[in-house]
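Note that the coordinates shown come from a computational prediction; the quantities given were computed from them, not determined experimentally.
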Amino acid sequence: MKVLASRFLLFLAVLPSAALTVFWAAWFIPAAASMGWPDIAKGVSSIFAQNCLVILVILVILGSRNSLVEPFLGLDRMLRYHKPLAVIAIALLLVHVLLQFLRFYIMGGPGLVKAALLTMDIWEMVIGRFALILLIMASVAALLGKQFRLSFRLWKPVHLLVYAAVPMGIIHAWFRGSTIGESPRVQVVVVLIGAMTIALVMRLVEVLRGKRRAVCRVSRVVQETHDTKTVYLNALRGLNHLGHRRPGQFALLRIPRGRGLSEPHPFTISGEPTEKELRFTIKQAGRFTREIHAVKPGVEVRCEGPYGIFCAGAEERDSLALIAGGVGVTPFFSLLRHLLVNGKDIPTVLIWANKSRRDIFGQRELEGMTGKMPLCVVHVLSREKEDLGKPTSGNNVKFEKGRVTAELLGRFLREDQDFYLCGPPAMQTFVLGEIKKAFGLGARRVSRESFFW
């Protein structure tokens, strides 16, 4: 149901662009033969601009963590769709501008192009120009921030200029566009204005009311392995949403830094959803994880969530195939703990890839689970030099050397199981290829967690 809902939402998202393009083509193609080049450039430019506006409004909805859309798409997918759509929107906008310059050049040469570029007499042109500048600034800020791994709070204020640029773009199109007031364009614009207004109001209310945000206190920090710790949090206030979570979801954590708080980082809630404490099992892999490993009991942190739809509906499946890489096993710990607490006897195979035995955490707990539920755990170790020994726990815990290959998958899994995959992006890409080799299954048959951003 979640997959169908996601696809339906995506269909609704592209529907306005498709409608605009079809109606524009029905009008433009028959009329193009009698048009001059300036009118052709104007007509083509207008459809690029209108489709750009549609995508920009979709970007606002995705980027604002809209609570109506997130339960169906998941925040990780919303942000994943956000990036390529932003590139498409900017490309459409630049083509629109270039075609307008071409139109002015054909009509009056460089002089008219310069006049159109610099005029301050036509207010709707000026506001459109400002919208273009703001969008370029927001895009460049995001590009540089990602490229040079700058702190999100450094480039976030510039990126938020999109919230001003999109309304300005709509105003420019409404008062400057010669065909925007015609049907069905006017209906599309009205829908865009309504959708964007709702999204912005919802985001503003969430920020002001602190919805989905909780103030938590670190109760304890447990060393799991040489580079992995579990941080336990007790919510002091604002637990409304965090108290109604599902297995496999994640939250955004912010810790004290300097006089304020750090930028938010996503981490899976590794505990069973009904636990009073929130627990996050975190591997040290950079500055933020080093800082969070160093937090002491009593420190207050901010927690926003829960987000994500990974593992949604897994407890209703007939048989589960869980494949994890490193700390990517945390949503599966949450799921297995949930299945055990609720007495869900779903045949499950967990294949967990690590470098060596010293990277495995929760090993005793997993072994205990294999005796209480139909669970088989397969540890795949790529750099272990010691002898793996004999299987333990009634042959339901196994150790294998190497990688998660098609041959290994074929020995432990079946094609008719429901596949779930979580781990670093490179590992996911490799395993997807091996699943296809072993069972002929495409990526769409595999549910994946994608919060590595």
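- Side-chain contact of Q417 with S319: a donor-acceptor pair under 3.5 Å is present, judged by distance alone.
- Put simply, the side chain of S447 does not reach to within 4.5 Å of the side chain of L421, judged on heavy atoms.
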Intermediate values then yes/no, side-chain contact (heavy atoms from CB on, under 4.5 Å), V349 and L322: CA-CA 6 Å; V349 178; L322 313 178; over 6 Å; no
Show your working on salt bridge (charged side-chain N to carboxylate O under 4.0 Å, His left out) between K355 and E384 and close with a plain yes or no. CA-CA 6 Å; K355 293 178 182 178; E384 181 59 56; over 6 Å; no
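- Using a 4.5 Å cut-off on side-chain heavy atoms (C-beta onward), P273 and S334 make contact.
- Between the side chain of Q428 and the backbone N or O of G423 there is at least one donor-acceptor pair closer than 3.5 Å.
- How far NE2 of H172 is from CD1 of I170: 12.0 Å, rounded to the nearest 0.5 Å.
- Using a cutoff of 4.0 Å between basic side-chain nitrogens and carboxylate oxygens, E367 and R364 are not scored as salt-bridged.
- Closest non-hydrogen pair, I323 versus V404, comes out as CG2-CG1, 4.2 Å.
- Note that R220 lies in the cation-pi zone of Y232, set by a 6.0 Å cut-off to the ring centre and a 45° limit from the axis.
- The local environment of CG in D318 is sparse, with at most 12 non-hydrogen atoms from other residues, nucleotides or ligands closer than 6.0 Å.
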Step-by-step ring-ring contact (aromatic ring centres under 6.0 Å, His included) determination, F250 to F310: CA-CA 9 Å; F250 63 92; F310 189 54; over 10 Å; no
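- Residues E70 and R65 are not paired through a salt bridge, judged by the lack of any N-O separation under 4.0 Å between the basic side chain and the carboxylate.
- Between H379 and V377, some side-chain heavy-atom pair lies under the 4.5 Å cut-off.
- Counting only heavy atoms from C-beta outward, the side chains of T230 and F280 never approach each other to under 4.5 Å.
- Under the 3.5 Å distance criterion, the side-chain polar atoms of N66 are matched with a main-chain donor or acceptor of L68.
- Between the E315 side chain and the R317 main chain, no donor and acceptor come within less than 3.5 Å of each other.
- A donor-acceptor pair is defined here as one N or O able to donate and one able to accept, closer than 3.5 Å; no such pair exists between the side chain of E434 and the backbone of T405.
- Counting heavy-atom neighbours within 6.0 Å of F130 CZ, excluding the residue itself, gives a total of 12 or less.
- Distance alone, capped at 3.5 Å, places no donor-acceptor pair between the S219 side chain and the N234 backbone.
- Looking only at distances, no side-chain donor or acceptor of K401 sits under 3.5 Å from a matching main-chain atom of L381.
- Although no hydrogens or angles enter the test, the distance criterion places a donor-acceptor pair under 3.5 Å between the side chain of T330 and the main chain of V327.
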side-chain hydrogen bond (donor to acceptor under 3.5 Å, both in side chains) between D227 and T225: does it pass, once the steps are laid out? CA-CA 5 Å; D227 63 355; T225 69; 3.1 Å; yes
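- Cation-pi geometry between R357 and F399 is met: under 6.0 angstrom from the ring centre, within 45 degrees of the axis.
- Ion pair R337/E365 flagged as a salt bridge, since at least one NZ, NE, NH1 or NH2 atom sits closer than 4.0 Å to an Asp/Glu carboxylate oxygen.
- Under the 6.0 Å distance and 45° angle rule, R403 counts as a cation-pi partner of F430.
- Judged purely by atom type and a 3.5 angstrom limit, R246 uses its side chain to pair as donor or acceptor with the backbone of G308.
- A donor-acceptor pair under 3.5 Å links the side-chain atoms of E275 to the main chain of E272, judged by distance alone.
- Salt-bridge check for R217 with E300: passed, with a basic side-chain N closer than 4.0 Å to an acidic carboxylate O.
- Ion pairing of E224 with K283 is absent here, as no side-chain N (NZ or NE/NH1/NH2) approaches a carboxylate O to less than 4.0 Å.
- Between Y420 and F332, the ring planes are perpendicular. Angles over 60° get that label, and only those under 30° would be called parallel.
- Remark: the backbone N or O of F48 is not paired with any side-chain donor or acceptor of N51 at under 3.5 angstrom.
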So F361 and W352, ring-ring contact (aromatic ring centres under 6.0 Å, His included) or not? Walk me through it. CA-CA 11 Å; F361 56 85; W352 185 9; 5.1 Å; yes
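- Under 4.0 Å is where a charged nitrogen must lie from a carboxylate oxygen, and between R257 and E263 at least one such pair does.
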